[in-house]
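Read through the structure below, which is laid out as structure tokens, and then see the notes.
Counting from 1, the numbers follow the sequence of the chain as shown.
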Amino acid sequence: MRGVPPVVDPGLARLRAADVATGRDGAAPPAIAAPAAQQAAAARGFVDALKGRKFAREADAFWAQVRDAVEAAMGERGPMPAHAIYRAPPAELRRQGESVGLPLTPG
């Protein structure tokens with residue numbers, strides 16, 4: 001379509017007019033590197049995220065074992081009060097919960 005002017009965003013036009021997007025000579029401004037502290041914080045965040053995923057996988061596996069142990073006990077004994085359900089999983093599973101940071105507690 002000839003004769004139709006292109007649509008220009010007014011904000012972009014103001015930036016171009018203010019010479020913010022480019023230097024005075026028309027060259028792009030130099031890139032600014034992130035400070036070392038920010039890079040270190042980002043790396044720690046990445047490591048923490050990986051640890052979080054690992055912990056979540058361990059927690060999921062642990063709770064699946066607890067569920068299986070409780071379902072097996074209830075299948076053998078039928079309905080049980082809460083304190084009996086707490087004691088139903090093997091002692092090793094309760095110790096594993098403590099070591100993973102997910103201790104089983106009654107109630």
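- Taken from CZ in R77 to CD1 in I85, the straight-line distance is 10.0 Å, to the nearest 0.5 Å.
- Using a cutoff of 4.0 Å between basic side-chain nitrogens and carboxylate oxygens, E92 and R95 are scored as salt-bridged.
- A distance of 11.0 Å separates CG of L93 from CD of E98, quoted to the nearest 0.5 Å.
- The CD atom of Q96 sits 9.0 Å away from atom CD of E58, with the distance rounded to the nearest 0.5 Å.
- Cation-pi geometry between R94 and Y86 is met: under 6.0 angstrom from the ring centre, within 45 degrees of the axis.
- The shortest non-hydrogen separation linking M80 to A88 is CE-CB, 4.1 Å.
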